[in-house]
Amino acid sequence: MTQQSVSSSNTSDLTVIIDTGCANLSSVRFAFERLNANVVVSADFDVIRSAARVVLPGVGTAGAAMDALKQKNLIELIKSLTQPVMGVCLGMQMLASLSNEHGGRSEQDISCLGLVPTDIGELDSKGLPLPHMGWNQINVGNHPLFTGIENGSYVYFVHSYRAPISEYTLASSTYGESFSAAIGKDNFFGVQFHPEKSAKVGAQILQNFLQMGLNMETSQ
C-alpha cells in the first residue's frame with residue numbers, strides 16, 4: 001500500500017496507522033473510514049509524531065513483525081510516542097517485553113517493544129483447536145477504550161499466542177485458559193481481537209479510540 005501524503009493543516013485530529021507492511025492494513029483503515037475518521041497509513045516519522053493517535057497493526061509472527069519495524073527504523077520512534085497508541089492483534093503482542101513466537105527462525109525469545117511489561121506465550125487451549133479463531137466473549141475493565149461495552153460482548157479473534165492475565169490486563173477472554181483480550185500501560189494499549197472484524201462492538205471500540213488524543217487521560 002502506498003503511503004498517503006498529509007498536510008500540516010489536517011493533523012490535529014489525525015489517526016495514523018503505522019505502515020508495517022502487514023496484510024491487514026487496508027481492513028483496519030477501511031474500518032476507521034466507515035467512522036468518517038481522518039486516517040492515513042504511513043511510515044513517515046513526522047506524520048506519525050504529529051498524529052493525535054496511532055495504530056500499530058500486525059499479522060504473522062512476532063519475529064517477522066519486529067524485523068519489519070527494525071528495517072523501517074520505527075522501534076525507537078514508537079517507544080517515544082506520547083499520544084494514544086493502540087496495537088491490534090499481533091500489534092498488541094508487539095507492545096509486550098518478549099514473545100516466544102519465533103516462527104521456527106530460532107529457539108530464542110523475540111524481544112518486543114517492551115512498552116507493556118508482560119510476555120507473550122502460546123495459548124493453552126486445553127485441547128481446543130488452534131488457532132483460536134472466531135467469535136468469543138470478553139469481560140472488560142475500566143478503560144476509555146471500552147466505554148459503553150458490556151461484559152459478555154462478542155468480538156472476533158484469530159490467534160495462537162496470548163498475553164497472560166496480569167495487572168496490565170484491560171479485558172479478558174477464555175479459550176481453554178483465561179487470557180488478556182486487551183493490555184495496556186500509560187498511553188500504550190492493545191487488543192488481541194480484530195475490532196475491524198467485530199461488527200458493532202468493534203466499531204464502538206474504534207469510535208472510543210477516536211475520542212482519545214485530544215486529551216491525554218488514557219492511563220490506567
Side-chain angles (χ1 to χ4, degrees), residues 22-24 27-28 31-32 55-62 65 84-101 103 109-110 112-113 115-212 218-220:
C22 71
N24 67 333
S27 60
V28 174
F32 280 109
V55 179
L56 177 62
V59 293
T61 66
V85 179
M86 180 174 67
V88 174
C89 196
L90 180 60
M92 183 208 84
Q93 297 182 7
M94 290 160 67
L95 298 176
S97 300
L98 295 172
S99 173
N100 65 11
E101 187 185 16
D109 289 345
I110 303 299
C112 299
L113 292 167
L115 294 163
V116 182
T118 188
D119 294 342
I120 305 300
E122 189 168 7
L123 178 65
D124 182 2
S125 66
K126 312 293 187 188
L128 294 171
L130 287 175
H132 170 212
M133 181 167 64
W135 296 91
N136 204 347
Q137 292 174 291
I138 55 172
N139 289 317
V140 301
N142 183 23
H143 187 275
L145 194 63
F146 296 108
T147 299
I149 303 299
E150 296 182 358
N151 283 332
S153 294
Y154 281 87
V155 293
Y156 192 86
F157 290 91
V158 183
H159 66 115
S160 298
Y161 288 76
R162 85 317 177 233
I165 301 295
S166 73
E167 63 183 292
Y168 302 105
T169 298
L170 304 179
S172 64
S173 187
T174 300
Y175 187 75
E177 68 170 331
S178 294
F179 63 91
S180 292
I183 59 174
K185 183 177 184 291
D186 302 323
N187 60 304
F188 294 96
F189 45 90
V191 295
Q192 180 61 71
F193 53 89
H194 287 271
E196 77 279 10
K197 296 179 180 179
S198 297
K200 290 183 178 180
V201 172
Q204 181 62 58
I205 290 168
L206 295 181
Q207 186 65 59
N208 290 341
F209 181 60
L210 291 172
Q211 300 303 311
M212 303 178 192
T218 61
S219 60
Q220 297 184 65

Which pair of heavy atoms, one from Gln93 and one from Cys112, lies closest together, and at what distance?
-> O-SG, 4.0 Å

Could you check whether the rings of Phe209 and Phe32 sit parallel, tilted or perpendicular, using 30° and 60° as the cut-offs?
-> tilted

Of all the heavy-atom pairs spanning Leu90 and Ala65, show the shortest one and how long it is.
-> CD2-CB, 3.6 Å

Of Asp119, Ile120, Asp109, Thr61, which is the lone residue that meets side-chain contact (heavy atoms from CB on, under 4.5 Å) with Ser99?
-> Ile120

Counting heavy atoms not belonging to Tyr154, are there more than 12 under 6.0 Å from its OH?
-> no

Does a side-chain heavy-atom distance below 4.5 Å link Met86 with Phe188?
-> no

Shortest non-hydrogen separation from Trp135 to Lys197 and the atoms involved | CH2-O, 3.4 Å

Which atom of Thr169 lies closest to which atom of Ala171, heavy atoms considered = CG2-O, 3.2 Å

Any Thr118 side-chain heavy atom under 4.5 Å of Pro164 side chain = yes

Within the 6.0 Å centroid threshold, strictly below: Phe179 and His159 | yes

Using a 4.5 Å cut-off on heavy atoms from C-beta on, say whether the side chain of Phe189 contacts that of Pro84.
-> yes

Indicate the atoms forming the closest heavy-atom contact of Asn136 with Thr174, along with that distance.
-> ND2-O, 2.9 Å

May I ask you to decide if the ring planes of Phe146 and Phe193 are parallel, tilted or perpendicular, using 30° and 60° as cut-offs?
-> tilted

Rounded to the nearest 0.5 angstrom, the OG1-CD distance for Thr147 and Gln207 is 11.0 Å

Quick one: are Val191 and Leu145 in side-chain contact, heavy atoms under 4.5 Å?
-> yes

Ser180 side chain to Ser172 main-chain N or O, any donor-acceptor pair under 3.5 Å?
-> no

Which value, rounded to the nearest 0.5 Å, describes the distance between Gln204 atom CD and Ser153 atom OG?
-> 10.0 Å

Full working for side-chain contact (heavy atoms from CB on, under 4.5 Å) between Leu115 and Lys185 = CA-CA 7 Å; Leu115 294 163; Lys185 183 177 184 291; over 6 Å; no

Met92 vs Ile183 side-chain heavy atoms within contact, under 4.5 Å = yes

Are Leu56 and Leu95 close enough that some pair of their side-chain heavy atoms sits under 4.5 Å apart?
-> yes

Side-chain heavy atoms of Tyr175 within contact of Pro129, under 4.5 Å | yes

Nearest heavy-atom approach of Asn139 to Gly152 is OD1-N, 3.7 Å

Hey, are the side chains of Glu177 and Leu123 touching, using non-hydrogen atoms and a 4.5 Å cut-off?
-> yes

Any donor-acceptor pair under 3.5 Å linking the side chain of Ser173 with the backbone of Ile138?
-> no

